[in-house]
There are 2 protein chains.
Amino acid sequence: MATISEVAERAGVSTATVSRALNGKDSVDPALAGRVLAAADELGYRPNGPARNLRKQETAVLALIISDVENPFFTAISRGVEDVAHDAGYSVVLCNSDDDPDKEREYVEVALQERVAGVLLSPAGRGDSAEKLRAHDTPVVAIDRPLPRSGGDTVLVDTRLAAREATLHLAEQGYRRLGCLTGPEGVPTADDRLAGYRDGLRAAGLDSGELVRRSDFKATGAAEAAHSLLAERQPPDAILVANNAMAVSVLAALDELGMRPGRDVGVVAFDDAPWTVLIDPPLSVVAQPAYDMGATAAQLLLGRIGGDHTETTVTTLSAHLVPRGSSRSG
Amino acid sequence: MATISEVAERAGVSTATVSRALNGKDSVDPALAGRVLAAADELGYRPNGPARNLRKQETAVLALIISDVENPFFTAISRGVEDVAHDAGYSVVLCNSDDDPDKEREYVEVALQERVAGVLLSPAGRGDSAEKLRAHDTPVVAIDRPLPRSGGDTVLVDTRLAAREATLHLAEQGYRRLGCLTGPEGVPTADDRLAGYRDGLRAAGLDSGELVRRSDFKATGAAEAAHSLLAERQPPDAILVANNAMAVSVLAALDELGMRPGRDVGVVAFDDAPWTVLIDPPLSVVAQPAYDMGATAAQLLLGRIGGDHTETTVTTLSAHLVPRGSSRSG
DNA sequence: TTGTATGCGTTATCAA
DNA sequence: TTGATAACGCATACAA
């Protein structure tokens, strides 16, 4: 592939002039600039990214480390990130941690090596990924989940409050034995939603004992958990489900047991999705502003990259309950 | 951030030895290697990716250019790509073209500049992105859609055949006025599914006139198209829908009109999804092996990057019809 | 086995 | 305004 010196030779100027012309510096004679552009075009010249990055000691790349691109929630986040990044001339490297701290560490290493401009991280566990990044002066913004030892910019949803609200909603609708299906221990959103569920129980004056199951935030694992929950000697008459994929399993389990959402068992699930209104009755959800989270986090990160050294911020966006038929008793 | 020469100084050796030790060359004294590793560790040394890439004239990065990460079909592809790439030590840069040839061109430029090792491309239109890449010796594998002027490795689904099969299935179930809702003109998958639909009509001896609508492969645009289709003077009694997002709109439209899938209007949609079995009746689908497509394409691409110069291949994976209640007449 | 020296392709500094 | 040159950090050819 053509290099800058080939372009220089062809245009009959120095490499310095080529560089200036190509980067649109104004201190270059229009005639020469024209010759340079023509030569570059003829040779199909493309500036060498790595060389430029090495020289400038910076790259226009962001890393986005999330647990699963197949989860529509993270997908929406990634879309928000990508749109903002793209507008600012940045590319986004997508990394699936699968909520595995080792994989997360691995990706952080790659991010460090490649000298990415910044990292958007949805921390998998109690690891120190963020500290490691900051120790090497790589800006980090935590997204969806707080950092274990905090301190960095963070974009969250008030998920505990939303879980509390959803739980109270179920209680108000007349359900009495409220269960909860949440994600793995150690994943902040999973724990927060469980905590919010307990908040709600307390506020409603209910005590279900512990009608709680954990699963991996995915449909397959959740199927077993859902069945186990419904097989309790005194099964729940309503369930708060901590994400969308698990909700599918809960609804499938209810169907297998011949139970109807809303009438037999109230259901509220986190994350809205287009299909939730197609089922009968429609699924009540806690809608999270995923796209905005991604966009906000990306903006924040770009600000830091741009040299913003003001105090770190915690942005908490609101989730809101969308009550539908699946949580309407009777 | 620490450089190789700082490590060299600390370990009391030359940079060459550090480089060799860190890259696990066997021609280095174990004692020295130990000192080097220790020094690197103490300094928190991370090799500088751009410098290494520049020197080695290669990067361990793949670009994946698809139309929309929010489409579960592409999400599954990207997962397949990522898993394979990660195992081989490669990172994946995700690019949303939004089916916009200009955006695609832009991303191709970035891929070229950054000297990515290879590109996985789901071509947006009739552009020459693939040729441009190949002209600069960047391996390309087309995925889900053939390249306009072909010639490169390609991983496809026999989508036209599948559409034909789905159409015939509807005819066999007794539906007589078959409609089709497909994607934008120029997008090969959209056109192929339409062609398959026509194949099916012909094979079944039906002629619906043209009960065809096009939309943008997304839910919002499809809503209008669905309504328009159902508002025909002689509306279809069955619809083949070219993807999952549009299916949501069709089902919603039917619901609004008080029509029941299967009984009133037969529906078959491309792409399976967890929720399709939750609705009543369950949605008949054409299931595509998206994950495998991604994995296969990535493997192919890595092969080319590794120097495989055998003839280019076209891999066609099979989609299969999953008949459910929404296409069972009466 | 180790060290010295060079070059990868750019940008930026300095003189002209 | 332009050009010669150095430097970014690393891997390797070559010499020792």
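- Applying the side chain to side chain contact (heavy atoms under 4.5 Å, CB included) rule to A:Asp192 yields the partners A:Thr159, A:Arg160; only residues at least two apart in sequence or on another chain are considered.
- Straight-line distance from the CZ atom of B:Arg35 to the P atom of C:dT1: 16 Å, rounded to whole Å.
- Residues that satisfy the side-chain hydrogen bond (donor to acceptor under 3.5 Å, both in side chains) test with B:Arg35, not counting sequence neighbours, are absent from this structure.
- Pairs engaging residues 55-68 of chain A under the side-chain hydrogen bond (donor to acceptor under 3.5 Å, both in side chains) rule: A:Asp68-B:Arg79 [sequence neighbours left out].
- Taking atom CG on B:Asn53 and atom P on D:dC10, their separation rounds to 12 Å, with Å as the unit.
- Nucleotide D:dG9 holds its P atom 16 Å from the CG atom of B:Leu22, rounded to whole Å.
- Looking at A:Asp308 and A:Arg304, a side-chain N of the basic residue comes within less than 4.0 Å of a carboxylate O on the acidic one, giving a salt bridge.
- In this structure A:Arg149 satisfies the salt bridge (charged side-chain N to carboxylate O under 4.0 Å, His left out) test together with A:Glu131, sequence neighbours excluded.
- Axis orientation changes by 40° from one end of the helix from C:dT1-D:dA16 to C:dA16-D:dT1 to the other, with each end axis drawn from 5 pairs and the value rounded to 10°.
- Candidate nucleotides C:dT1, D:dT2, C:dG3 were compared by shortest atom distance to the side chain of B:Thr17, and C:dG3 ranks first.
- Among residues at least two apart or in separate chains, ring-ring contact (aromatic ring centres under 6.0 Å, His included) pairs with a member in residues 76-131 of chain A are A:His86-B:Tyr107, A:Tyr107-B:His86.
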Residues 25-34 of chain B side chain polar contacts: donor-acceptor under 3.5 Å, at least two apart:
unit_1: B:Asp29; atom_1: OD1; unit_2: B:Ala31; atom_2: N; d: 2.8
unit_1: B:Asp29; atom_1: OD1; unit_2: B:Leu32; atom_2: N; d: 3.4

Q) When you check every protein heavy atom under 4.0 Å of nucleotides 7-12 of chain C, what one-letter string (B, S, -) results, 5' to 3'? A) BBBBBB
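- Residues that satisfy the side-chain hydrogen bond (donor to acceptor under 3.5 Å, both in side chains) test with B:Asn48, not counting sequence neighbours, are absent from this structure.
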